[in-house]
A.B. asks: 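Here it is, the structure in full.
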Amino acid sequence: MKKTLVMTAMIAAMALTPANTWSKNRGVKDELTKTECGACHMVFQPRFLPAVSWTNIMSDLGNHFGEDATLDEETRIKIEAYLVKKARKKEFKKVIDGKQPIRITEIRWFKREHRREVSKRAMKRAGTMSNCVACHKGAERGQYDDD
Amino acid sequence: MKKILLVLSTAVMVALAAPAFAGAKQDAVMDHYKKLAKGSFSASRGKAFFGATHTGGKPATPSCTSCHTKSPANTGHTRANKPIAPMAFSKSPDRFGELKKVEKWFGRNCRSVLGRECTVQEKGDFLAFMFSQ
């Protein structure tokens, strides 16, 4: 009897937990990167951009998409190394102003995936297209299949 | 009875004499700026600085209030729409306790909003305002 109760409780707990809790965490695991990048925005997975994009982003933190996001040099180097190591292996065919894109939201597949997908209401809630977690609840764990 | 009165009045006097900042860590941060400053700090000057529209910074962030809202007691939002815990000390008592972190954010945000470093006076006034809230 006791066993049955415990089993029932366990099954209930599993059923009530969002699906992505059980799937593999494909999010950023580096604590420094999580803390520093995550202070202002969703911690984007490095696999979204090739290494050269991350190098370009991390060498211009004084003007980080319109804001000053300067880090001390030691921290900056560590985070850049992590992003470069985990970066997308292939560069994009389509360049922007002759360079690899630095805005994930400008990448062709990103635009295609979101075309006519985001309602006005959802956009208002998210505030910006770079706020992945507004719609993809598992985005920080690298889960984007819930749309 | 007399004793109780004495204890009570002492407590009131201590409370009145104590500075507006509660934590020892915050006191240490404030002391750092006090040592560098020529005069004293003013919460009302800090309030005016917080609410002002500045020029010289980046277009998206002309004021502290661009992200932190008009009141430091409110939750703010970054431009990427991530919530920012209130800056008012009464709401976020863990804030402003680590000089390195305080300096990091003054550095970034003063350059974003004013296009320059803040002066010691501005930083001290700003903190005095936050501790008074």
Side-chain angles (χ1 to χ4, degrees), chain A residues 27-28 31-45 48-49 57-58 60-79 102-106 110 114 118-137 139-140, chain B residues 29 32 49-50 52-70 72 74-87 91-92 94-119 122-123 126 130:
Chain A
V28 169
E31 287 302 324
L32 194 61
T33 306
K34 266 162 67 175
T35 308
E36 293 298 339
C37 306
C40 298
H41 55 73
M42 130 105 196
V43 186
F44 306 109
Q45 286 81 36
F48 282 131
L49 294 171
I57 289 170
M58 293 304 286
D60 193 22
L61 286 178
N63 187 25
H64 188 62
F65 303 99
E67 248 174 274
D68 191 305
T70 307
L71 288 166
D72 66 82
E73 192 56 7
E74 195 190 335
T75 309
R76 194 195 69 77
I77 288 170
K78 278 186 193 162
I79 292 177
I102 56 168
R103 282 180 191 273
I104 296 166
T105 53
E106 282 180 358
F110 182 97
H114 294 89
V118 185
S119 69
K120 265 189 187 151
R121 215 177 58 163
M123 191 60 209
K124 203 178 164 204
R125 180 162 48 94
T128 151
M129 282 303 280
S130 57
N131 187 14
C132 313
V133 285
C135 301
H136 304 284
K137 295 298 168 216
E140 301 249 31
Chain B
V29 169
H32 165 84
F49 181 78
F50 176 82
T53 302
H54 302 275
T55 50
K58 301 193 190 295
T61 54
S63 172
C64 308
T65 60
S66 306
C67 293
H68 295 285
T69 82
K70 279 182 180 163
N74 293 340
T75 295
H77 283 94
T78 69
R79 287 172 56 241
N81 218 12
K82 200 155 179 170
I84 309 171
M87 289 200 293
K91 301 265 177 176
S92 304
D94 290 334
R95 271 204 188 274
F96 311 119
E98 192 191 325
L99 183 62
K100 199 181 159 197
K101 199 172 170 184
V102 171
E103 274 293 292
K104 177 175 97 171
W105 286 101
F106 269 138
R108 288 174 160 188
N109 292 354
C110 292
R111 289 189 294 269
S112 285
V113 174
L114 298 108
R116 61 167 173 84
E117 305 295 326
C118 288
T119 63
E122 285 165 339
K123 290 177 187 177
F126 180 94
M130 293 311 156

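Numbered from 1 within each chain, the chains take letters A, B, ... in sequence-line order.
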A.B. asks: Given a strict heavy-atom distance threshold of 4.5 Å, which part of A/Asp72 is in contact with chain B: side chain, backbone, both, or neither?
C.D. replies: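 Contact with chain B involves the side chain of A/Asp72 alone.
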A.B. asks: For chain A, which of B/Cys67, B/Ser112, B/Gly57 has the most heavy-atom pairs under 4.5 Å?
C.D. replies: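 Looking at each of B/Cys67, B/Ser112, B/Gly57 in turn, B/Ser112 comes out on top.
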A.B. asks: Going by heavy atoms in the side chains, are A/His41 and B/Asn81 under 4.5 Å from each other?
C.D. replies: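 They are not in contact (no side-chain heavy atoms under 4.5 Å apart), so the answer is no.
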A.B. asks: Does any heavy atom of chain B fall under 4.5 Å from the side chain of A/Ala126, the backbone, both, or neither of them?
C.D. replies: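 For A/Ala126, the backbone is the part near chain B, not the side chain.
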A.B. asks: Taking the side chain as every heavy atom from C-beta outward, state whether A/His64 and B/Lys58 have any atom pair closer than 4.5 Å.
C.D. replies: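 No; the side chains remain at least 4.5 Å from each other.
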A.B. asks: Looking at B/Lys104, I'd like to know if its NZ atom is crowded, meaning that more than 12 non-hydrogen atoms belonging to other residues, nucleotides or ligands lie closer than 6.0 Å.
C.D. replies: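 Enclosed.
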A.B. asks: Pick from A/Ala69, A/Ala39, A/Gly62: which one has the most heavy-atom pairs with chain B under 4.5 Å?
C.D. replies: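 The answer is A/Ala69.
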A.B. asks: Answer yes or no: does atom CD of A/Glu73 have more than 12 heavy-atom neighbours from other residues, nucleotides or ligands under 6.0 Å?
C.D. replies: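 It does: A/Glu73 CD has more than 12 such atoms within range.
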A.B. asks: Looking at B/Arg79 and A/Glu67, is there a salt bridge between them, counting it only when a charged N and a carboxylate O are closer than 4.0 Å?
C.D. replies: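 A salt bridge links A/Glu67 with B/Arg79.
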A.B. asks: Of the non-hydrogen atoms in B/Ala80 and A/Cys40, which two are nearest, and what is the gap between them?
C.D. replies: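 Taking B/Ala80 first and A/Cys40 second, the nearest heavy atoms are CB-O, 3.7 Å.
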A.B. asks: Report yes if some heavy atom in the side chain of A/Leu61 is under 4.5 Å from a heavy atom in the side chain of B/Arg108; otherwise report no.
C.D. replies: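 Of all side-chain heavy-atom pairs linking B/Arg108 with A/Leu61, none is under 4.5 Å.
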A.B. asks: Taking atom NZ of A/Lys34 as the centre, does the number of heavy atoms from other residues, nucleotides or ligands within less than 6.0 Å exceed 12?
C.D. replies: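 Yes, NZ of A/Lys34 has more than 12 neighbouring heavy atoms, counting only those of other groups under 6.0 Å.
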A.B. asks: Rounded at 0.5 Å granularity, tell me how far OG1 in A/Thr70 sits from CG in B/Asn109.
C.D. replies: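 Taking OG1 in A/Thr70 and CG in B/Asn109, the distance rounds to 10.5 Å.
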